[in-house]
Structure formats: structure tokens, C-alpha cells
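When reading the values below, keep in mind they use all heavy atoms of this one structure, side chains included, and skip hydrogens, waters and symmetry mates. Chain naming here is simple, since letters A, B, ... match the order of the sequence lines and numbering starts at 1 in each.
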There are 4 protein chains.
Amino acid sequence: MTNSQRVQAAGAKRRRLMSAAARTVHRQGVERTTIADIARAADVPVGNVYYYFKTKDDLVAAALDEHRQQLELITGELDDLPDPRERLKRLVEGWVAQRDMAVRHGCPTGTLAAELGKREESELADATGDLVRRLLAWVEAQFRELGQPEPDALAVTLVGAYQGMSLLANALRDPQVMTREGARLTAWLDSL
Amino acid sequence: MTNSQRVQAAGAKRRRLMSAAARTVHRQGVERTTIADIARAADVPVGNVYYYFKTKDDLVAAALDEHRQQLELITGELDDLPDPRERLKRLVEGWVAQRDMAVRHGCPTGTLAAELGKREESELADATGDLVRRLLAWVEAQFRELGQPEPDALAVTLVGAYQGMSLLANALRDPQVMTREGARLTAWLDSL
Amino acid sequence: MTNSQRVQAAGAKRRRLMSAAARTVHRQGVERTTIADIARAADVPVGNVYYYFKTKDDLVAAALDEHRQQLELITGELDDLPDPRERLKRLVEGWVAQRDMAVRHGCPTGTLAAELGKREESELADATGDLVRRLLAWVEAQFRELGQPEPDALAVTLVGAYQGMSLLANALRDPQVMTREGARLTAWLDSL
Amino acid sequence: MTNSQRVQAAGAKRRRLMSAAARTVHRQGVERTTIADIARAADVPVGNVYYYFKTKDDLVAAALDEHRQQLELITGELDDLPDPRERLKRLVEGWVAQRDMAVRHGCPTGTLAAELGKREESELADATGDLVRRLLAWVEAQFRELGQPEPDALAVTLVGAYQGMSLLANALRDPQVMTREGARLTAWLDSL
DNA sequence: TATGAATGAGGCTTCATTCAT
DNA sequence: AATGAATGAAGCCTCATTCAT
């Protein structure tokens with residue numbers, strides 16, 4: 001194995017841990033996820049986890065970062081579309097497409113925010129806030145490009161609707177919540 | 001102390017524990033709340049808690065029940081209003097009035113749903129679903145009384161908006177989310 | 001078992017833990033002593049230790065307190081002697097009598113001071129300092145009663161000699177260090 | 001890099017590790033010092049430490065050796081003085097000159113002895129004993145040269161006083177202990 | 001020799017739950 | 001019913017040591 005391969009492998013391991021952390025925390029919640037759970041999911045010996053992340057909170061932060069990357073990937077792709085309205089509609093489509101995930105575990109970011117939001121003076125709570133703000137900012141930019149007044153309020157409405165429908169779909173174990181609300185949001189975007 | 005007083009005191013203790021469980025779990029989340037936390041908040045010796053609730057999950061169920069009682073209290077009062085539209089608007093008003101709580105700890109039911117929704121095959125998850133359904137049913141009844149088509153979808157929209165705005169207000173630590181979205185919902189209800 | 005007996009038993013357990021902590025820490029040093037070591041020595045289940053002491057440092061503080069009690073017991077008895085010179089000579093005698101302990105593990109307070117003195121801004125370091133000061137204060141009082149000038153300096157000399165001879169006896173594994181130095185100190189006290 | 005340069009560099013690394021071990025262990029104590037601490041202080045990668053020292057105990061032994069070298073350096077220089085009394089007085093002077101170090105971390109050898117002396121059947125304990133004996137032997141030689149009877153006992157007294165005053169200075173965080181006791185020892189040496 | 005990475009044993013601590021009165 | 005105390009199963013984290021190259 002060459003040096004660069006080793007570095008790559010090491011980077012890969014770190015990334016595996018980040019992804020495993022994101023996945024496991026989404027499925028089980030922060031507090032019900034143990035380091036051992038994440039280690040197992042990443043196929044890494046428990047003791048070795050601490051070589052990459054000093055504390056469990058660091059791993060949770062990494063999970064947040066993973067979601068941030070996901071977000072940027074998605075919005076980055078949507079940015080290729082010429083029409084901001086189309087971008088928003090595709091965003092909603094994506095949410096609906098993931099409805100089964102929402103039914104089982106809720107929105108990854110939203111449930112993380114709900115759990116971490118209870119911590120006071122916490123870096124993790126702040127980081128979750130940042131992540132949410134990032135999504136809001138992107139959505140707001142689309143509304144602004146559409147020439148809408150109060151694009152920030154519209155962004156809160158749209159993202160809030162997504163959070164609400166994910167939470168209800170999860171609580172009711174009903175994917176229809178996602179499809180129906182998704183359709184409503186799409187219609188609403190078209191009506192603007 | 002007479003026998004009936006003792007029974008009453010015991011009932012009071014149980015109720016104190018329920019209320020303390022609801023309050024503490026709302027503030028800290030299920031997993032970060034210990035039995036000792038609840039016992040302290042209820043001013044009940046730890047060992048005694050188990051006389052009233054066999055397990056921690058039972059206490060969480062009791063917290064859910066406490067929220068259910070709250071819900072019934074509120075909807076019961078609203079039912080006194082003659083106009084269903086007014087009832088819904090007052091409901092939204094109540095949400096906005098509690099914005100500081102939402103900012104600090106989110107919606108009690110919603111955050112509980114987010115945390116418990118991760119559990120599979122869990123009575124607690126089911127119970128949370130029931131609680132959410134109860135609210136939805138009441139809201140749906142109002143929309144039906146208003147002669148709206150698809151009152152169930154409208155209920156999901158309204159309650160989802162509440163869940164979403166609570167989550168965002170909490171994540172962003174911003175009460176304005178509640179006031180602005182509240183105003184929008186009120187206007188929407190007026191427009192129906 | 002009556003209530004008072006139970007309380008007594010509980011107190012006894014706490015005291016057993018304190019004594020075990022003092023003994024074990026003296027024998028093994030702070031860092032090489034585990035909570036499990038102390039629990040075993042006190043015949044208490046590990047988990048139960050935390051009912052009495054919140055942290056390991058608390059247990060070490062308790063060990064210090066145990067030594068403080070020992071010190072007060074000893075000086076209290078010596079205070080019954082009418083002559084302060086005699087008191088000091090008996091103190092030295094006591095040190096020499098314990099020479100085998102010194103050879104094996106050094107002076108309990110001194111070795112604790114050596115180990116904890118490395119911690120900066122530490123309550124334990126402060127507590128050790130207090131304990132040392134207590135002994136110094138008592139010795140100083142005797143020298144003052146003897147009409148000696150600079151009784152505080154003499155106290156430092158005497159206690160310092162004790163610490164030094166204990167350390168050397170331990171390092172050299174030689175009880176003679178204690179007897180010879182003890183004799184010298186006795187002669188010195190007589191010469192004042 | 002030539003072969004000899006490499007060997008020299010390697011030797012330098014080894015020496016750097018020894019010195020770092022001595023310094024770090026003196027500051028933090030044996031058990032609170034990690035291999036990583038020493039590696040960092042020596043600016044050597046952790047994994048590389050084991051090329052020079054097989055175990056942590058070997059590193060501690062190296063620290064002891066470092067102190068032995070220091071001792072020999074000091075006594076070697078003092079041996080240049082013609083008068084043994086002067087040599088001893090200068091030794092004491094050196095101790096007092098280092099009072100701030102004593103206040104912060106105690107005597108390097110003494111605190112090591114206190115910590116390692118608790119180990120039974122330990123090579124490290126033996127090695128510490130040897131180091132102490134070396135100092136005693138040198139001091140004893142001076143007293144012998146001065147024609148004092150029982151030079152070994154006098155050596156124990158002097159070195160013991162040093163250990164005692166270092167320990168007290170450290171425990172009380174008071175450099176005055178060093179200056180006052182140093183002055184007393186100097187006067188004592190003059191009086192012999 | 002040099003080095004980042006890996007490994008696993010063990011220590012501290014928490015906490016739901018049970019026990020003895 | 002009431003209560004302090006007891007119990008033990010985890011969970012998080014550290015660290016000496018080893019490995020692979």
C-alpha cells in the first residue's frame with residue numbers, strides 16, 4: 001500500500017465513521033446511540049474511534065457535518081436548474097421521495113434539532129441551528145430570485161412545513177402525510 | 001390522617017409525579033431525564049417512585065398522558081366558542097403565546113414524538129401517535145364543521161405547520177418564527 | 001434492625017470506605033488505586049461506592065480526612081501530657097514506632113502530599129496542604145509553650161525531618177533510618 | 001545524511017526523550033504522565049518512542065538515569081572545591097536556588113521515590129533507592145573528609161532535611177520554607 | 001528507523017431497578 | 001406506602017502497546 005493509498009484509506013475510515021454516525025444517530029437518536037453502535041456500523045474497533053473523534057459529541061458533530069454535506073450536494077445539484085421555482089419544487093419532490101425514511105425516523109436534521117435543541121449553551125445545539133439556517137438561506141435565495149416579498153418568511157414557511165410533515169409522518173407512521181403535503185406545497189409554489 | 005386523606009395524598013403524589021415527568025421530559029428530553037430528576041422535581045423520594053410507576057417507560061407514558069389532559073383541557077375550553085374558525089384561531093393564538101417555551105424546548109408533544117418515533121414496535125411510540133392523532137382529530141372536526149373539503153388534510157397542514165414552526169423556533173432560538181408563522185396561519189384560517 | 005441501627009450501619013459503611021481509601025491509597029498511591037480496590041478493601045459493591053462518594057477525588061479527600069482524624073486523635077492524646085517537650089518527644093517516638101509502615105509505604109500524609117502536590121489549582125492539593133499545616137500548627141504550639149523563639153521555624157524543621165526520614169527509610173527500605181534519626185531528634189528536643 | 005550523522009541524530013532523539021521523560025514526570029508524576037506527553041515534549045512521534053524504550057517503565061528508568069546524570073554533574077563540579085564543608089554548603093545553596101521548582105513540583109528524586117517506593121519488588125523502586133544512595137554516599141564522603149564521626153548518619157540527616165523541606169515547600173506552596181531551612185542547614189554545617 | 005494507525009484491556013461513572021425494613 | 005440503600009449492567013473514555021509499512 002502506498003503512502004497516498006494509506007492516507008486515503010485513513011480518510012476513508014474517518015468518512016465511514018461520519019457516515020455511520022449520521023445514519024445511526026438518525027435511526028436511533030443521539031442518546032440511544034452508543035459509540036459501539038457507530039463503531040460496529042462503520043466496521044471499526046471501538047477503541048479506534050477515538051483516534052478520529054475525541055468524544056461522542058465530536059461524532060455527533062461529524063454526523064451534523066455529514067448532513068450539511070448532503071444538503072450542499074442536493075442544493076448544489078438543484079442550482080444547476082435555471083428556474084428557482086423549479087428548484088424548490090424539486091426540493092419538495094426529493095422530500096416526498098424520501099417519505100419512507102421520514103416515516104421510520106423523521107427528518108435527519110429535524111429530529112437532531114429536536115433532540116439537541118434541549119441542550120442549553122451547547123455547541124451541538126448551535127451547530128444544528130447553523131445547519132437549519134443553511135437550508136433556510138438557500139430556500140430564501142430561491143424565493144428572492146422569484147421576486148417574492150419577504151423571502152425569509154416564505155423560507156420559514158416552506159422548511160417549517162417540511163419539518164412538520166416529517167414529524168407527523170413519523171408519529172403517524174403514515175407516508176401519505178408526505179405525499180399529500182408535498183402535493184400541497186408544490187401547488188403552493190406554482191401559485192406564487 | 002384519615003384513610004381518605006391518605007388516598008388523596010397518594011393520588012396527589014402520583015399526579016405530582018406525572019406533572020414532574022411531563023415538565024422534566026419536555027425540558028431535557030426522555031433519555032437525558034433520570035428517574036431521580038423526576039423524583040426531585042416532584043419532591044418524592046426516589047425509591048417511592050416505583051410504587052406509582054413500575055418502569056421509566058411508564059413514567060414517560062404518564063408524561064404523555066399529562067399532555068393529553070392538557071390537550072383536552074384546551075380543546076374543551078375552545079369547544080365553548082360557537083365558531084369553529086374562532087376556535088382554530090384561538091388555538092393558534094395559544095401556540096404563539098407559548099412561544100418562549102417553544103424557543104427553549106420545542107413543542108412538548110412534538111419533541112416527544114421526534115424522540116420516541118425512533119423506537120420501533122414501541123408502546124410509547126404508539127401512544128405518542130395517539131396523542132398526535134387526538135389533536136389532529138379535533139382540528140379536523142373544526143374544519144369539517146366549517147364545511148371544508150378534505151378536513152383531514154387541512155388538519156395535517158395546520159398541525160404540521162405548528163410542529164414545524166416550533167421546531168424551527170427552537171433550532172433558531174428565535175420567537176419571531178412563532179409570531180410570524182402564527183400570523184400567517186391566522187390569516188390563512190380567515191381566508192378559508 | 002431498628003432505624004438507628006440502620007443509620008449506624010450506613011455510617012459504618014461510609015467510615016469503612018474512608019478507612020479503606022486511606023489504607024489503600026497509602027499502600028498503592030492515589031493513581032494506582034482504583035475505586036474497585038477500595039470497594040474490595042471495604043467489602044462494598046463497586047456501584048455502591050458512588051452512593052457515598054460522588055467521585056474518586058471525593059474518596060481521596062475522604063482518605064485525607066481520615067488522616068486528619070488520626071492526627072487529631074494523636075495530638076489530642078498527647079495534649080494530656082503536661083510537658084510540651086514530652087509531647088514532642090512522644091510524637092517522635094510514635095513516628096519511630098511506625099517505622100515498618102514508613103519503610104513500606106512512606107508517611108501517609110507525606111506521600112499523599114508528594115503525589116497531590118503536582119496537581120495545580122487542585123482542591124486535593126489544598127486539602128493536603130491544610131493537613132500538613134495542621135500538624136505544623138500543633139508542633140509550633142508546643143515549641144511556643146516551651147518558650148522557643150521562632151517556633152514556626154522549629155516546627156518546619158521537626159516535621160520536615162520526619163518527612164525526610166520517612167522518605168529515605170522508604171527509598172532505602174531501611175528502618176534504621178527511622179530509629180537513628182528518631183534518636184537524633186529526641187536528643188535535639190532535649191537540648192532545647 | 002551520513003551514517004554517523006544519523007547515529008548522532010538517533011542518539012540525540014534518545015537523549016531528548018530521556019530529558020523530556022525526566023521533566024514531564026517531575027512535573028506531573030509517573031502515573032499522570034502518558035507516553036504521548038513525553039513524546040510531545042521531546043517532539044518525537046509516539047510510535048517512535050518504542051524504538052528507543054520498550055516500555056513506559058523503561059522511560060521512567062531513563063528519567064531516573066537523567067537525574068543520576070544531573071547529580072553526577074553537580075557533585076562533579078563541587079568536587080573541584082578544595083573544602084568538603086564548602087562543597088556541602090554549596091550543595092545546600094543549590095537546593096535553595098531551585099526553591100521555585102521545589103514549590104511547584106517538589107524534589108525530582110524525592111517525589112519519584114515517594115511514588116515508586118510504593119511498588120513492591122520493583123526494579124524502578126530499586127533504581128530510585130540507588131539514586132538516593134548515590135547522593136547519600138557523596139554527602140557521606142564529605143562528612144568523612146571533614147573527620148566527622150558517623151558520617152553516614154549525618155548524610156541521612158542532611159539529605160533527609162532536604163527531602164523534608166522540599167516536600168513541605170511543595171505542600172505549603174511556600175518558598176520561604178526552602179530559604180529558612182537552607183539557612184539553618186548552612187549554619188549547622190558551619191558549626192560542625 | 002520512522003510513523004500514523006490500530007487494538008483492547010481497564011478505569012470511572014451513571015442509572016434503572018430492586019431490596020429490606 | 002415509604003424510604004434509604006444496594007446492585008450490576010452498561011457507557012464513555014484513556015492509554016500502553018503493537019502493527020504495517
Side-chain angles (χ1 to χ4, degrees), chain A residues 1-3 5-7 9-11 13-14 31-39 44-59, chain B residues 1 3 6-7 9-11 13-14 31-39 44-59, chain C residues 1-3 5-7 9-11 13-14 31-39 44-59, chain D residues 1 3 6-7 9-10 13-14 31-39 44-60:
Chain A
M1 195 187 259
T2 69
N3 220 333
Q5 275 177 318
R6 214 180 308 128
V7 166
K13 209 164 188 179
R14 193 175 205 285
E31 298 296 335
R32 288 171 76 91
T33 295
T34 70
I35 301 265
D37 287 339
I38 297 172
V44 166
V46 194
N48 197 14
V49 171
Y50 287 88
Y51 184 79
Y52 297 95
F53 300 96
K54 252 184 267 302
T55 64
K56 183 182 175 182
D57 272 8
D58 277 6
L59 260 175
Chain B
M1 194 188 256
N3 228 331
R6 219 179 291 130
V7 166
K13 230 174 193 179
R14 192 173 207 285
E31 296 297 333
R32 287 171 77 91
T33 295
T34 68
I35 300 267
D37 287 339
I38 297 172
V44 166
V46 197
N48 200 9
V49 172
Y50 282 82
Y51 180 77
Y52 298 96
F53 299 96
K54 248 189 272 301
T55 66
K56 185 181 176 182
D57 274 7
D58 280 2
L59 258 174
Chain C
M1 195 187 257
T2 69
N3 221 332
Q5 275 177 318
R6 213 180 311 129
V7 166
K13 211 167 188 178
R14 195 176 203 283
E31 298 296 334
R32 289 172 75 92
T33 295
T34 69
I35 301 263
D37 287 339
I38 296 172
V44 167
V46 193
N48 197 12
V49 171
Y50 286 85
Y51 185 80
Y52 297 94
F53 299 96
K54 252 186 265 306
T55 65
K56 184 181 175 181
D57 272 8
D58 277 6
L59 259 175
Chain D
M1 194 189 259
N3 227 332
R6 218 178 295 130
V7 166
K13 232 175 193 179
R14 192 173 209 285
E31 296 298 333
R32 288 171 77 92
T33 295
T34 69
I35 301 268
D37 286 339
I38 297 172
V44 166
V46 197
N48 200 8
V49 171
Y50 282 82
Y51 179 77
Y52 297 96
F53 300 96
K54 249 187 274 299
T55 65
K56 184 181 177 182
D57 274 7
D58 280 2
L59 259 173
V60 176

What integer distance in Å separates [X]:[atom1] from [N]:[atom2]?
X	N	atom1	atom2	result
C:Lys56	E:dG10	NZ	P	16 Å
D:Phe53	E:dT1	CZ	C1'	15 Å
D:Leu59	F:dC15	CG	P	15 Å
A:Arg32	E:dT14	CZ	P	21 Å
C:Asp57	E:dG11	CG	P	17 Å
A:Glu31	F:dA10	CD	C1'	14 Å
B:Asp58	E:dA16	CG	P	14 Å

Discussion item. Return the pairing partner of F:dA20 with a 3.5 Å limit on both distances, Watson-Crick or G-U wobble; otherwise return none.
Written reply: E:dT3
Worksheet item: With both distances kept under 3.5 Å, what pairs with F:dG8, Watson-Crick or G-U wobble?
Response: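 Base partner found: E:dC15.
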Indicate the atoms forming the closest heavy-atom contact of [X] with [Y], along with that distance.
X	Y	value
C:Asp58	C:Phe53	O-CD2, 4.0 Å
B:Tyr52	B:Lys13	OH-CD, 3.4 Å
C:Arg32	D:Glu31	NH1-OE2, 3.0 Å

Of the nucleotides [options], which has the atom closest to the [X] side chain?
X	options	result
B:Asn48	F:dA2, E:dA2, F:dA5	F:dA2
C:Val46	F:dG11, E:dT13, F:dC15	E:dT13
D:Ile35	E:dA2, F:dT17, E:dG4	F:dT17

Item to complete: Return the 5'-most residue of the pair A:Thr55, D:Ala36 with respect to DNA chain F, ranking by each residue's nearest nucleotide.
Response: A:Thr55
Discussion item. If you assign A:Pro45 and D:Pro45 each to the DNA chain E nucleotide with the nearest heavy atom, which residue ends up on the more 5' nucleotide?
Written reply: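 The residue whose closest nucleotide sits nearer the 5' end is D:Pro45.
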OP1 or OP2 of [N] versus the side-chain N and O atoms of [X]: is any pair under 4.0 Å?
X	N	value
B:Tyr50	F:dT3	no
B:Lys13	F:dA2	yes
C:Tyr52	F:dA5	no
D:Tyr51	E:dT1	yes

Discussion item. Please evaluate residues D:Leu59 and D:Val49 with respect to the criterion side-chain contact (heavy atoms from CB on, under 4.5 Å), reporting the C-alpha separation (whole Å), side-chain torsions for both, the decisive distance (0.1 Å), and the verdict.
Written reply: CA-CA 9 Å; D:Leu59 259 173; D:Val49 171; 3.8 Å; yes
Worksheet item: Do B:Tyr50 and B:Val46 have side chains that get closer than 4.5 Å, going by heavy atoms?
Response: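 Not touching, per the 4.5 Å side-chain cut-off.
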